[in-house]
Amino acid sequence: MLLKNKIAVVTGASNGIGRAITNTFLRNGARVIGLDLEEGEDRNPELIPLKADVSSTAECERVWQEISRITDHIDILVNCAGITRDALTKKMTEEQFDQVIAVNLKGVWNLTRLIGPAMQARQTGSIINISSVVGIYGNIGQANYAATKAGVIGLTRSWAKEFAMKGGNVRVNAVAPGYTMTNMMKTVPENLLEKFRGQTMLGRLAEPEEIAGAVLFLASDLASYVTGEVLNVNGGMRL
Ligand code: NAP
């Protein structure tokens with residue numbers, strides 16, 4: 001029960017890694033406000049699902065008002081919602097580029113600009129942003145995605161400094177998962193998946209719960225002296 005009585009907001013909570021984080025937090029005693037485009041299938045009295053498109057600044061402001069009617073504070077924010085729109089750069093459309101920036105980068109800013117200062121005012125909180133192995137090493141056909149995931153690391157390190165500026169204990173970290181079995185990977189051909197497995201020391205892809213474990217650590221008091229860090233959770237991937 002590492003998160004007993006904590007209140008968390010998790011984006012992208014209905015599927016994949018966000019869903020695993022939500023369930024891990026619930027099992028550890030937290031109450032979770034799960035934001036997503038659609039409500040997920042999970043039912044739990046401590047899970048409050050809210051619909052929100054994180055790429056919309058106005059919608060995030062609306063949902064923040066809704067959250068403020070539910071609780072007077074947030075202990076943990078996990079920015080997990082993310083998309084891919086892959087293409088080689090010569091074929092990538094402006095729409096593909098802009099969509100990925102809007103969700104993966106601006107979406108992280110949209111909520112954190114509201115919740116981060118509220119944590120700073122209370123002088124306590126933990127923010128975890130989901131980056132990617134692709135943000136660190138880059139990837140063919142994912143220049144847009146890689147740019148957002150590298151950008152998330154820039155946001156993380158800036159906010160770790162900014163939200164700690166007036167003292168207190170607001171921590172901001174990133175988790176950079178390796179390839180993980182979720183809907184996002186469904187379009188990746190088997191020969192590429194096999195190549196990704198071969199690039200890890202453990203010889204396999206991650207399960208969403210294995211990423212959630214790292215997020216739980218950073219969210220909890222076990223990581224009370226960890227901030228401004230990027231935790232790689234990639235089975236020892238070397239590209
Ligand atoms: P996923 O299974 O597709 O889940 C992403 C969730 O985010 C979905 O429920 C999706 O809703 C939601 N979402 C998409 N756009 C949104 C928006 N504008 N506002 C609110 N919610 C939105 O993907 P995942 O693999 O769990 O990815 C979660 C995070 O991990 C992402 O940031 C991803 O970049 C990162 N990551 C994934 C991997 C991997 O290999 N899977 C590796 C490294 C990092 P819909 O399903 O309705 O679109």
Side-chain angles (χ1 to χ4, degrees), residues 1-13 17-33 73-82 104-105 107-109 111-137 148-178 180 200-202 206-238:
M1 296 295 264
L2 287 172
L3 304 182
K4 199 166 175 7
N5 299 325
K6 301 281 188 193
I7 303 182
V9 170
V10 178
T11 73
I17 295 171
R19 181 180 181 182
I21 293 167
T22 297
N23 288 329
T24 299
F25 280 12
L26 290 168
R27 275 199 307 280
N28 276 275
R31 199 170 169 215
V32 180
I33 299 169
H73 74 279
I74 298 296
D75 297 296
I76 301 156
L77 167 64
V78 184
N79 287 302
C80 185
N104 297 11
L105 192 62
V108 173
W109 178 79
L111 268 185
T112 311
R113 67 186 271 272
L114 303 168
I115 297 180
M119 288 178 172
Q120 193 179 10
R122 286 184 71 235
Q123 302 235 313
T124 181
S126 176
I127 300 172
I128 298 109
N129 297 321
I130 304 301
S131 176
S132 167
V133 69
V134 171
I136 293 166
Y137 294 105
T148 62
K149 293 302 179 177
V152 159
I153 294 173
L155 291 174
T156 300
R157 295 204 164 120
S158 301
W159 286 331
K161 291 181 178 174
E162 193 174 319
F163 297 145
M165 212 165 52
K166 294 181 180 157
N169 191 33
V170 179
R171 299 180 296 104
V172 189
N173 292 288
V175 168
T180 309
T200 68
M201 293 180 194
L202 298 183
E207 294 298 329
E209 290 71 22
E210 295 179 301
I211 310 304
V215 176
L216 171 65
F217 164 69
L218 290 171
S220 78
D221 289 342
L222 290 178
S224 58
Y225 201 53
V226 182
T227 194
E229 283 302 321
V230 181
L231 181 49
N232 292 293
V233 187
N234 60 25
M237 196 160 211
R238 293 290 175 270

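Of all heavy-atom pairs spanning Phe25 and Ala219, the tightest one is CZ-CB, 3.8 Å. Closest heavy-atom contact between Pro177 and Thr180: CB-OG1, 4.1 Å. Scanning all heavy atoms of the two residues, the minimum distance from Leu2 to Asn28 falls at N-OD1, 3.2 Å. Heavy atoms only, all atoms of each residue included: Arg238 and Tyr137 are closest at NH1-OH, 3.9 Å. The minimum heavy-atom distance between Gly135 and Ala150, with the atom names listed, is O-CB, 3.5 Å. Between Ile76 and Lys6, the shortest heavy-atom contact is CD1-CB, 4.0 Å.
The side-chain heavy atoms of Phe163 and Thr227, taken from C-beta on, include no pair separated by under 4.5 Å. For the pair Leu3 and Leu216, the minimum side-chain heavy-atom distance is below 4.5 Å. Between Asp75 and Ser126 there is no side-chain heavy-atom pair separated by less than 4.5 Å. Side-chain contact check for Arg122 versus Val170: every heavy-atom pair is 4.5 Å or farther apart. Leu231 is not listed as a side-chain neighbour of Asn173, based on a closest heavy-atom distance of 4.5 Å or more. In this structure, Glu162 and Gln120 have side chains that are not in contact, with every pair of non-hydrogen atoms separated by 4.5 Å or more. Within the 4.5 Å cutoff, the side chain of Val133 has no heavy atoms near those of the Lys149 side chain. Side-chain contact between Ile115 and Ile127 is absent, with no heavy atoms from C-beta onward closer than 4.5 Å.
Note that CD1 of Ile136 is 11.5 Å distant from CE of Met237, once rounded to the nearest 0.5 Å. To the nearest 0.5 Å, atoms CG (Asn234) and CE (Met201) are separated by 8.5 Å. In this structure, Met119 CE and Leu114 CG are separated by 11.5 Å, a value rounded to the nearest 0.5 Å. The structure places CD1 of Ile153 at 9.0 Å from OG of Ser132, a figure rounded to the nearest 0.5 Å. Atom CD1 of Ile130 is separated from atom CD1 of Ile17 by 7.0 Å, given to the nearest 0.5 angstrom. Put simply, NZ on Lys161 and OG1 on Thr156 are 12.5 Å apart, with the number rounded to the nearest 0.5 Å.
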### Task
Would you please test Val172 and Asn129 for side-chain contact (heavy atoms from CB on, under 4.5 Å) and show each step?
CA-CA 8 Å; Val172 189; Asn129 297 321; 4.1 Å; yes
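With respect to Asn79, the side chain to side chain donor-acceptor pair (under 3.5 Å) criterion is satisfied by exactly one of Thr112, Asn104, Thr11: Thr112.
Checking side-chain atoms of Arg19 against main-chain N and O of Pro208 turns up no donor-acceptor pair under 3.5 Å.
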